[in-house]
Amino acid sequence: MPTEALRDRTYDAGTESSVNSQHVKSVCFDGEGHRPRVRCVLATLVENKVVPDPFYGLQNETIIDIADSGREYYTFWFFTTFQSKLSGNQHLDLNFRGINYSAEVYLNGHKKVMPKGMFQRHSLDVTDILHPDGQNLLAVLVHPPDHPGRIPPKGGQGGDHEPVKIIDPHLVSSFFDDYKRVYLHATTELENRSAWVAECSLNIQVTTGIEGNICLVEHLQTQHLSIPAGSQVQYTFPELFFYKPDLWWPNGMGKQSLYNVHITVDVKGYGESDAWSHLFGFRKIESHIDSATGGRLFKVNGQPIFIRGGNWILSDGLLRLSKERYETDVKFHADMNFNMIRCWGGGLAERPEFYHYCDIYGLLVWEEFWITGDVDGRGDPVSNPNGPQDHDLFLICARDTVKLLRNHPSLALWVGGNEQVPPDDINKALKNDLRLHPYFENSNEISKSSEDLSAVSKDPSQYLDGTRVYIQGSLWDGFADGKGGFTDGPYEIQNPEAFFKNDFYSHGFNPEVGSVGIPVAETIRATMPQEGWQIPLFKKLPNGYTEEVPNPIWEYHKYIPYSKPKKCVDQIELYGTPKDLDDFCLKAQLANYIQYRALLEGWTSRMWSKYTGVLIWKTQNPWTGLRGQFYDHLLDQTAGFYGCRCAAEPIHVQLNLATYFIEVVNTTSEELSNIAIEALVWDLEGTCPYYKVFENLSAPAKKTVPIVEMKYPKSKNPKPVFFLLLKLYHTSDFGILSRNFYWLHLSGGDYKLLEPYRRKKIPLKITSKVFIKGSTYEIEMHVENVAKKADSRSLTYMNNFTAKQGNGAFDMASLEPATSGTDEKHEVGLFQRIFRCFTKENGSLKVTEVNGADVGVAFFLHFSVHALKTDHKEGEDTRILPVHYSDNYFSLVPGEVMPIKITFKVPPGVTPRVTLHGWNYHGGHTVH
């Protein structure tokens, strides 16, 4: 195989990293300073077309497995060159974030052997082997694991001169007087590599951003110390005091306030020797087993938080990881109003870039060590019951992972393994290493003074962690049955009302419950050959249920059917037998939305009375899988994404599908008063047979409150299929706190009457404005159902939503509105050209009208963004991805207006267009 085909051009080992200073330089081979893109060997082979894309169709089957090929087949060289000339007492380190599994490093012909283990960092001092002329050749020979294992026949989850250097600082905060007085504790390792005593000035600075690039210095402290030659010492700073600092809160509870902590060391006679910085959030995370539910109950800054989140595998199965994709991944979870991500033990120890965005967007992280699948004596054949091959290496990697991640405020807990505990010696060591500092063992410690804290034990920043609980396994100590029984799940389609019933799940916190996840039709076509476009066969069974029989490609990609014979009728067939792939996927989105909204609403209906939290299996796929997901591997959202976004609102109005009671959910720490609920029923004929306002309501903090039973379905002549719109609003200004739209059928019925409803042409008016900054577009839209004026009784039809607490909002002030112009000589984008046709709407506005003569609900509207192409080929995927929508897959009753924001980046040379589809709108309408 030609060497050039094996060369991985994405590893940038030749650039001086951002961690350099006057006396410290770092060359990063996937290093923390330079942060190049990273990928595995297989990804490089795919990019160079040496092997086919394993995510497409069944092509993964053509790639030989390491168990069959042997280790040498997957042993590869990586080459690069870099420039570096040092002067004086400068030293240079070669940093590796991680190597899977071991490596030999050759720099300018000098060989260094790296320790084994994929979950630990390595740093090599290569000062003495740099080439005098500054041009250096680096080659790395990477070996796979010694014992890669084999997938069991029945499947499974696993296989068998720098004078002074700053190393792994640890930051911890302690709180007193109801979080008014706060102390920052900091400890760092310092290594003197020189042959003389280093006289050092060690500085710590804490700043907070004010606006733009302006920072406020909160603290600046300098300590003087001497470090003996060739030694490594630990130094703990005196505590830094803060009065009423801005706290870091999870998504939905408040702002994600972050401070920048900057540590530098200056050596007398040489200047700055090393520097380290990290974003840090002041927050306290506690958890205990709740006596009322038996579930683990989390608190942040003293406030209980009802956990609604999901299980995370990893961003990409070929490790094509980037900051941009990580930000999209994490922001998607925040957009769904989730507050926790579980990093499943069969994936990676997630990288600092992942955690950075969890810090930014407020996602708590459950980090699991690498104990999962067939390493516990189960499987066929029976696997090794003693876990990892090398227990000492496992613990080295675990401790290094803790040091890498422990300063992130989003990191909430450590867990020993997935559905099992580590072997006894590993579990015992982890319990000891991750034991809590006494201050964090008792929530009452908040009232003690810092003097009491220091008197009790050593400074908390001197612990390996000491601030987060360690749980030995995902089914223990407040999760599932708490005793290790396989009591998570289920992982299949459900009747939506089942989630609300008392017998659906018996324990307080479910770490895994999953269901369906078919993406849109465009994704199927983009990731599978034509034989994969065949929809499942609907096989009628004698008992009246339907069994879905998927094609082999869907089965290989882990498709979960939308039917469960003897338990759940086919949730797609409820709308009528699908005709083709587009029809199937659209009806699947209807089912996705209902399924996941009901799942979260059912759990939230019993908040604190029965449950403390739930994590959905799973939120995404690291490949083109079809098993439960809210966005596909190409980063397009399913309708289930927006069902979750609706249901997991911090303040929410919902219909209990088991009791038909309207409920108000208030997960915030403040009581809601002077609120009202508007309930409207619309039928398929375009009339409103039911309208009711429930006023003078209140909702206590951290409670779910049943308000009133819906009477409409029990009326004399209820329609077999109808729409229900619920709105929770402030009576003072009619500001909408929550809006929730249902389509419902009578008990024992179906949605087949929606099929002829597709022929209804409901008129729409869409007003839009574009803001552009560089390659980033944001479009503000107002979509109005103009079939007729709003019901005169409704006071909320304009949908003036109240501001919601959260981060990651688009900075409108940094954008320039696209304006109308007269100079036709300049190349301008689609939006600017369109705007010139609509100067009557104030220049920067565009109005699009979708004609129609019928009256009724504009049902299941959804936008998508595409590249405008003149030579478009049939079946070609023109989508621009990812796109962030403030809402999608929404419906509008007559007269109602919905504000929508759409944000995306446009590739170079591409003109975007925004397209509207819907149940009543076929073929797509270009609205921008």
Side-chain angles (χ1 to χ4, degrees), residues 8-38 77-99 102-115 120-142 161-169 188-198 200 202 227 229-233 262-278 352 400 403-404:
D8 189 341
R9 298 179 180 81
T10 67
Y11 281 88
D12 186 349
T15 306
E16 182 179 320
S17 84
S18 59
V19 190
N20 69 50
S21 65
Q22 185 175 353
H23 293 286
V24 180
K25 289 190 176 183
S26 299
V27 171
C28 300
F29 197 74
D30 180 29
E32 295 167 56
H34 192 66
R35 309 194 198 286
R37 287 189 300 150
V38 65
W77 285 97
F78 293 83
F79 303 92
T80 193
T81 60
F82 64 92
Q83 283 281 343
S84 182
K85 292 191 71 172
L86 304 181
S87 60
N89 293 300
Q90 288 185 320
H91 283 239
L92 185 135
D93 285 347
L94 183 62
N95 296 326
F96 294 80
R97 172 75 63 73
I99 296 174
S102 60
E104 300 162 23
V105 178
Y106 297 84
L107 181 59
N108 301 324
H110 297 270
K111 176 181 177 181
K112 290 183 179 288
V113 178
M114 307 297 291
Q120 64 173 318
R121 296 163 293 167
H122 308 285
S123 183
L124 295 178
D125 186 345
V126 296
T127 306
D128 295 333
I129 56 177
L130 294 176
H131 200 281
D133 67 4
Q135 180 71 17
N136 298 278
L137 173 63
L138 175 65
V140 181
L141 181 62
V142 179
H161 261 329
E162 154 190 89
V164 177
K165 182 179 182 181
I166 299 170
I167 303 173
D168 293 328
T188 186
E189 302 287 330
L190 298 167
E191 181 183 12
N192 180 5
R193 296 179 177 178
S194 69
W196 62 87
V197 175
C200 301
L202 188 61
I227 305 178
S231 67
Q232 184 167 321
V233 301
H262 190 63
I263 299 175
T264 61
V265 59
D266 295 301
V267 177
K268 186 176 180 180
Y270 298 96
E272 186 177 280
S273 180
D274 199 4
W276 176 93
S277 64
H278 203 288
D400 194 64
K403 292 178 181 179
L404 178 66

> Quick one, V105 and F96 - any side-chain contact, counting heavy atoms below 4.5 Å?
yes
> NE2/H110 to NE2/H131 distance, rounded to the nearest 0.5 angstrom?
9.0 Å
> Hey, are the side chains of K165 and D125 touching, using non-hydrogen atoms and a 4.5 Å cut-off?
no
> Identify the two heavy atoms, one from L404 and one from R97, that lie closest to each other, and give their separation to 0.1 Å.
CD2-CD, 4.4 Å
> Which heavy atom of A229 sits nearest to which heavy atom of A195, and what is that distance?
CB-C, 3.5 Å
> Rounded at 0.5 Å granularity, tell me how far CG in L86 sits from CG in D128.
10.0 Å
> Return the minimal non-hydrogen interatomic distance between R121 and D400, and the atom names on each side.
N-OD2, 2.8 Å
> Within a strict 4.5 Å, meaning less than it, do heavy atoms of the K112 and L107 side chains meet?
no
> Is there a side chain to side chain contact (heavy atoms under 4.5 Å, CB included) between Q135 and T81 once you walk through the steps?
CA-CA 7 Å; Q135 180 71 17; T81 60; 3.5 Å; yes
> Is there side-chain contact between M114 and L124, with at least one heavy-atom pair below 4.5 Å?
yes
> In sequence, state the C-alpha distance, the side-chain angles, and the governing distance for V197 and I227, and then conclude on side chain to side chain contact (heavy atoms under 4.5 Å, CB included).
CA-CA 6 Å; V197 175; I227 305 178; over 6 Å; no
> Can you name the nearest heavy-atom pair linking H262 to A275, along with the distance?
CE1-CB, 4.2 Å
> For the pair S102 (side chain) and P115 (backbone), establish whether a donor and an acceptor sit closer than 3.5 Å, ignoring hydrogens and angles.
no
> Find out whether I167 and T188 are in side-chain contact, i.e. whether some heavy atom of one side chain is under 4.5 Å from a heavy atom of the other.
no
> Any side-chain heavy-atom pair from L130 and F82 closer than 4.5 angstrom?
yes
> Please give me the minimum heavy-atom distance between V164 and D274, naming the atom from each residue.
O-CB, 3.6 Å
> Does S123 offer a backbone N or O that forms a donor-acceptor pair with the side chain of D93 under 3.5 Å?
no
> Is a side-chain N or O of N136 found less than 3.5 angstrom from the main chain of G134, in a donor-acceptor match?
yes
> I want to check something: taking the side chain as every heavy atom from C-beta on, are P169 and H278 in contact at a cut-off of under 4.5 Å?
no
> Take I99 and V142, measure what side chain to side chain contact (heavy atoms under 4.5 Å, CB included) needs, and give me the verdict at the end.
CA-CA 8 Å; I99 296 174; V142 179; 4.3 Å; yes
> Can you sort out the partners of T264 under side-chain hydrogen bond (donor to acceptor under 3.5 Å, both in side chains), two or more places apart, ordered by chain and number?
N203
> Quick one: do the S231 and N192 side chains pair a donor with an acceptor below 3.5 Å?
no
> Please round to the nearest 0.5 Å and tell me the distance separating atom CG of L138 and atom OH of Y106.
12.0 Å
> In Å and rounded to the nearest 0.5 Å, what is the CG to NE2 distance from N95 to H122?
11.0 Å
> Does any part of the side chain of E189, heavy atoms only, come nearer than 4.5 Å to the side chain of E191, both counted from C-beta?
no
